[in-house]
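Letters A, B, ... mirror the listed sequences (proteins, then strands); counts begin at 1.
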Amino acid sequence: MDVILAAVGDAFTWQALLAIVIGTWAGIIIGGLPGLGSVVGLTIFLPFTFGMDVITSMALLIGVYCGSVYGGSITAILINTPGTPQSAATTFDGYPMTQQGRVDEALGWATFASFFGGVLSCVLLIFCAPQLAKFAVNFGSIEVFALVCLAMLCIVGISRGSLLKGLVCGMMGFFFSTVGSDPITGADRFTFGTYALSSGLDLIPVVVGAFALSEVFVRFSARNEEATIIPEARLRFPGLSEIGRRLIELVRGSFIGSFVGALPGTGAAAAAFISYAAAQKLSPRRANLGKGEPDGIIASESSNNAVTGSAFIPTLALGIPGDVVTAMMMGAMVIHGITPGVRLMADQAQTVYALFVVLIIVNVAMLILSKPSIGLFRYLFKLPLGFVMGGIVMFSFIGAVSVRGNPLDLVVAALTGILAYVLRRGGYPLAPLVIGMVLGPALESSLRRGLLISRGDFLSFFTHSGIATTLFVLIGLFLVWTVAAGILDWRAKIAARRQPAESAARSATTPEGGP
Amino acid sequence: MKSLRYSLAALALIGTTHAAVAADNLEIIVPFAAGGATDIVARSFEPTFSQQLGVTSVVRNVAGASATVGTAEVANSEGNPNIIGYEPAGALSIQPSLKKLPYGPDSFTYICRTVSNPMFLMVSKSSDITSFKQLVEESQDQPFLYGSSGPGTLPHLAMAATVVNSDLKAEHVPYSGSGPAMNALAGNEIQIMADTETILENYDLRPLAVFADHRVEGYDDVPTVEELGLPALDFAVWQGVVAPKGISDERAQQYAEACKATVESDKFKSFADKAKAGIAYLGPDDFKAFVQKRFETNKQVLEDAGLAP
């Protein structure tokens, strides 16, 4: 108990609180600007932390991290351009709500869901970190393969209308992810002998091109000043009764996020897609998903922010960073002499508890700072449209190149932008492209690693472990469900088509056959 | 079309936003993303180093393709006295033998080696294997799997060399980094891993051998591979500073002196202590000879293991 009190004392210093406010606010803004995401935000702030003490520097970085994951939803909702890949799933329902004039409601849900997911995962981190870490260790390559397959199925859900077009885009994204070094042999693939391509296509330039640049192109080609006006950003928090009505959605999203975040090598973008896929099957309002249903925003935002807390589970408990972001945090910890690993909890309990407290304060700060931040975006988007669009293009390119400093990424962003514009014109959904790109590398390397481990026997994947079997059964159920629903839908449609035809035929025959 | 006009104006402004780089600004290229193990050492090396040189320096992360993209950038800046690279072992001594790169070991002016850590062959503490002999015996029924932080990395090479030179039967499973490989080791997906003391200390691991020519302080009961009857395999994770070719001897001398002073400074020493990085300074000539030797040894290992193209 003394340790916890001392930890709270560590976290409530004015330096730490100031760092949280600055970090969170900067994170929200950076996350909201298309192209600039968590990694760029952390890269900007990392050098500042060298002169600070451990807790203050971690407070700054955690603030930037959590803020940026939330901030991505603001532009996703306002202009259909996710500020970060983690918020790509927020556009599915966030932007339709904006078009219906429900901006305030959409932003309110996004903010509240982010807060809820963040806090719930902190609680899980505090109470279940060792157990969850132990469970995550059981997730070997084969289990990860099954999980990624399950997540891939959400392409089916979001390409409603034309499954074929969705699959085409998904395959395209998957293909993009295979460019560069082979993860198993290290050989170059699809580089056409160009050295520049051997580092592969990065996710950020592709996301920036697919969403931000194509959106700018679409708005220009609309040639209609009315349709391209960005609505005024306002924020209205959902009432208690509304929260109660959708509590189950919030809890499910947060749990999925917390769980996926604890697995090494997945990350917030994958979590959001998995959670959205779950909502498509389980939400009582699933028929409206994709047409502006708050449940969709909740599924995406609660899960991606839940990752922020649980991503620390493998990092702190095992010293295994779950993604690039936590790897950077771990780097910052090492600089300050904390070495994450199996002995951290025993050796440095006070620091670890202080980190937990900081995480919770950051989430509260995010809730408080959401209003002024959205206010700032309101003023930004009040500028003449051309400036806003020019700014988006500028930040997109800055974001694309700053991830790894490779000029090739500018070309990739520009070309993806043009490709995405053409695809959008042809009615192809773009989200599957991003899903393919996010999940592709994990799918490929986990499958090939799994085959190495099972010595080339794919059938043994299904019986490898209880977890793997359960996940494969879920995939089977999902497929059966989808096909059955498709057939029912199709029969209903046929029946509906026949009925008017029959009644028309009847009405045509009645006069003659009647008395 | 008012909006189009505005956008063109805004886009024109973008052209002016690029930062003007002062001529005497030293650029330190780190070929990994910010926050990685190499980046941390580079960033604690940078302040003292630039102070010694009396210049302002910026660390720039150019990541990708197993650190070769950033390294290639240094090699391509021939004659530029204001750019250096903080390089990992793999990019200088392994990658050039693995694929066609725009540089080779002769493309640099070598400045100094900063740190070096010997690698250990290790198994999980939860396994009942306590010696290399036992490991070899148990591998005869069914080959073990060894992990690595990626194809063509030092952990991969060290184990590949061990398998070629001993009766150990083991196959390679690459991961995207040491972290995920450790997760796999904890879950018994793989059984063996070769890595440095940092990894050994942070996870529940048992060292069976060390890839060095002498026993390592603090691990006195861990035999060297030579003692186990293998050829003297020497694998260490090291880092060093290189400059492009074609810089003046005077500039190279300045770099070398600044590097020596930095590595010997208390500030860097205390950091290296914390991060468990073993300071192992080598001057320009020694470093050059060292890289050349490592390059040739690694090339041999790659050829023996059938990994070289």
Side-chain angles (χ1 to χ4, degrees), chain A residues 39 42-43 46-47 50 136-141 180-188 195 198-200 202 220 223 225 228 264-265 314 318-321 324 327-332 334-335 337 339-343 384-387 389-391 393-394 397 403-406 445 449 452-453, chain B residues 1-11 13-14 17 33-37 39-40 43-44 59-66 68-70 72 98-102 145 150-152 171-177 179-180 182-184 186-187 189-190 198 201-204 271 274-276 309:
Chain A
V39 177
L42 287 172
T43 318
L46 194 64
F50 290 174
V137 162
N138 290 325
F139 256 78
S141 298
S181 296
D182 182 305
I184 304 297
T185 65
D188 284 346
Y195 175 67
S198 66
S199 54
D202 195 69
F220 272 133
R223 289 169 188 267
E225 303 272 328
T228 52
L318 303 168
I320 297 167
V324 189
M328 290 181 73
M329 299 262 193
M330 212 172 116
V334 172
I335 290 176
T339 323
V342 276
R343 269 169 293 282
L385 193 65
F387 286 123
M389 292 298 145
V393 172
M394 177 177 80
F397 279 121
V403 181
R404 46 181 195 176
N406 190 340
S445 51
R449 238 178 259 134
L452 283 173
I453 290 154
Chain B
M1 293 319 288
K2 206 162 124 202
S3 59
L4 182 63
R5 248 192 342 266
Y6 278 127
S7 331
L8 287 175
L11 276 167
L13 286 174
I14 300 165
T17 52
D39 181 64
I40 293 164
R43 281 175 193 274
S44 32
V59 172
R60 190 150 72 83
N61 299 90
V62 185
S66 313
T68 57
V69 177
L98 270 179
K99 48 184 160 192
K100 212 173 139 261
L101 291 176
L145 296 170
E171 282 160 25
H172 178 222
V173 184
Y175 290 83
S176 54
M182 282 302 122
N183 193 58
E189 189 168 296
I190 53 171
T198 320
E201 286 290 301
N202 289 349
Y203 306 96
D204 281 322
F271 162 80
K274 269 197 239 167
K276 291 206 180 69

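Side-chain atoms of A/I453 and B/L145, non-hydrogen and from C-beta on, do get closer than 4.5 Å to each other. Put simply, the side chain of A/T185 does not reach to within 4.5 Å of the side chain of B/P151, judged on heavy atoms. Looking at heavy atoms from C-beta onward, B/Y175 lies in side-chain contact with A/S141 at the 4.5 angstrom threshold.
With hydrogens and angles disregarded, a donor-acceptor distance shorter than 3.5 Å links the side chain of A/R449 to the backbone of B/P174.
Interface residue A/D188: only side-chain heavy atoms are found under 4.5 Å from chain B.
Closest non-hydrogen pair, B/K99 versus A/G186, comes out as NZ-O, 4.1 Å. Taking all atoms of both residues into account, the shortest heavy-atom contact from A/L452 to B/H172 is CD1-O, 3.6 Å.
Under the side chain to side chain contact (heavy atoms under 4.5 Å, CB included) criterion, A/N138 pairs with A/F135, A/I467, not counting sequence neighbours.
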